[in-house]
Amino acid sequence: MPKEEMLPSESEWLIMETLWNSDEDLTSAEISDRLLKSSNMTQRMVRVLINRLCKKGLLTYTIDPYDSRVYHYKAVKGREELRREKSKAFVDSYFGGNALGAAFAFLEDGKLSKEQIKELEDIIKNAKKQ
């Protein structure tokens, strides 16, 4: 599978977020229950997306010791690691790998708060040091 296909889609990302926000592994039913509050996904769709995430190597599972039909899922990668991978794939696909061009495209159209400008200045200052 090409690298981009190994990254989660927008719907799959919702499942990852649900797992990242939990302190424990979750079953597909628990994931569905939590997603029902914020999305219109059916339990069947959640199971399909969980299977895709497992095939991509982004989720792992354990089988419930009391009921072999129940699987407990957890994320293999953390939110920030996966966010960096998705960002890099986006920059590679749409900006020919030019991260600065991507940053400029977002900055030109956006309005930044004073705090965000300060944060950007700090990033530039740290980049100069390296």
Side-chain angles (χ1 to χ4, degrees):
M1 229 185 255
K3 184 162 176 84
E4 280 185 28
E5 291 179 20
M6 298 301 289
L7 296 171
S9 67
E10 189 174 332
S11 297
E12 292 166 345
W13 191 271
L14 293 175
I15 290 170
M16 298 297 290
E17 284 286 348
T18 302
L19 288 164
W20 289 323
N21 291 333
S22 174
D23 294 333
E24 58 191 14
D25 299 356
L26 299 174
T27 66
S28 62
E30 292 168 331
I31 294 169
S32 293
D33 288 345
R34 293 176 189 204
L35 280 173
L36 285 176
K37 298 170 187 158
S38 62
S39 77
N40 59 358
M41 273 193 246
T42 64
Q43 197 165 19
R44 178 169 160 42
M45 177 54 102
V46 169
R47 285 195 306 270
V48 167
L49 294 173
I50 287 172
N51 286 334
R52 285 184 194 164
L53 287 165
C54 286
K55 286 179 184 172
K56 291 178 179 184
L58 298 174
L59 293 186
T60 189
Y61 61 87
T62 55
I63 299 172
D64 190 286
Y66 303 106
D67 186 347
S68 61
R69 297 169 298 168
V70 177
Y71 291 39
H72 298 268
Y73 297 95
K74 73 176 180 178
V76 172
K77 294 183 177 185
R79 179 185 282 120
E80 288 309 313
E81 179 184 4
L82 213 45
R83 185 175 286 143
R84 280 191 300 276
E85 289 178 19
K86 280 194 68 87
S87 295
K88 182 176 178 349
F90 177 80
V91 169
D92 289 347
S93 291
Y94 295 97
F95 295 92
N98 182 347
L100 190 57
F104 285 152
F106 288 112
L107 291 172
E108 284 176 345
D109 293 336
K111 292 185 178 14
L112 298 177
S113 68
K114 288 182 181 185
E115 293 82 21
Q116 291 169 323
I117 292 170
K118 171 75 171 103
E119 194 174 330
L120 187 56
E121 288 170 342
D122 290 344
I123 290 169
I124 293 169
K125 191 185 305 180
N126 287 334
K128 286 180 180 179
K129 290 178 185 176
Q130 295 177 3

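- K128 meets the side-chain contact (heavy atoms from CB on, under 4.5 Å) test with I124; sequence neighbours excluded.
- Looking at every heavy atom in both residues, L7 comes nearest to A89 through CD1-CB, 3.6 Å.
- Residue pairs meeting the ring-ring contact (aromatic ring centres under 6.0 Å, His included) criterion with at least one member in residues 9-55, sequence neighbours excluded: W13-W20.
- Judged as a salt bridge (charged side-chain N to carboxylate O under 4.0 Å, His left out), not a single pair has a partner in residues 98-107 (not counting sequence neighbours).
- In this structure F95 satisfies the side-chain contact (heavy atoms from CB on, under 4.5 Å) test together with F90, V91, A102, A105, sequence neighbours excluded.
- Residue pairs meeting the salt bridge (charged side-chain N to carboxylate O under 4.0 Å, His left out) criterion with at least one member in residues 7-22, sequence neighbours excluded: E12-K56, E17-R79.
- Nearest heavy atom pair, residue V76 against residue T60, reads CG2-N, 3.7 Å.
- For the atom pair CG of D64 and CG of D25, the computed distance is 11.0 Å after rounding to the nearest 0.5 Å.
- Looking at every heavy atom in both residues, A75 comes nearest to M16 through CB-CE, 3.8 Å.
- For residues 21-55, no residue pair satisfies the ring-ring contact (aromatic ring centres under 6.0 Å, His included) rule, not counting sequence neighbours.
- The structure places CD1 of I123 at 8.0 Å from CG of N126, a figure rounded to the nearest 0.5 Å.
- From K77, atom NZ reaches atom CG of L58 across 6.0 Å, with rounding to the nearest 0.5 Å.
- A ring-ring contact (aromatic ring centres under 6.0 Å, His included) check over residues 100-130, counting only residues at least two apart or in different chains, returns nothing.
- S11 approaches L49 most closely through the heavy-atom pair CB-CD1, 3.7 Å.
- Through direct or relayed side-chain contacts under 4.5 Å between Ile, Leu, Val, Met, Phe, Trp and Tyr, V70 connects to no other residue.
- Considering CG of L19 and CG of L14, their distance stands at 11.5 Å, rounded to 0.5 Å.
- The list of side chain to side chain donor-acceptor pair (under 3.5 Å) pairs with a residue in residues 114-125, not counting sequence neighbours, reads S113-E115, S113-Q116, K118-D122.
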Compile the donor-acceptor pairs under 3.5 Å between side chains in residues 29-36 and protein atoms, sequence neighbours left out, one pair per line.
from: E30; atom 1: OE1; to: T27; atom 2: N; distance (Å): 2.8
from: E30; atom 1: OE1; to: T27; atom 2: OG1; distance (Å): 3.4
from: S32; atom 1: OG; to: S28; atom 2: O; distance (Å): 3.0

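- With sequence neighbours excluded, the residues satisfying salt bridge (charged side-chain N to carboxylate O under 4.0 Å, His left out) with R69 are D67.
- Open room surrounds CE on M45; 12 or fewer heavy atoms of other groups in view lie less than 6.0 Å from it.
- Here the CD1-OH distance, from I15 to Y73, works out to 10.0 Å after rounding to the nearest 0.5 Å.
- Side-chain contact between K74 and T62: absent, with no pair of heavy atoms (C-beta onward) separated by less than 4.5 Å.
- Take E80 and apply the side-chain contact (heavy atoms from CB on, under 4.5 Å) test, not counting sequence neighbours, and it matches R83, R84.
- Considering every non-hydrogen atom in both L82 and P8, the closest pair reads CD2-CG, 3.7 Å.
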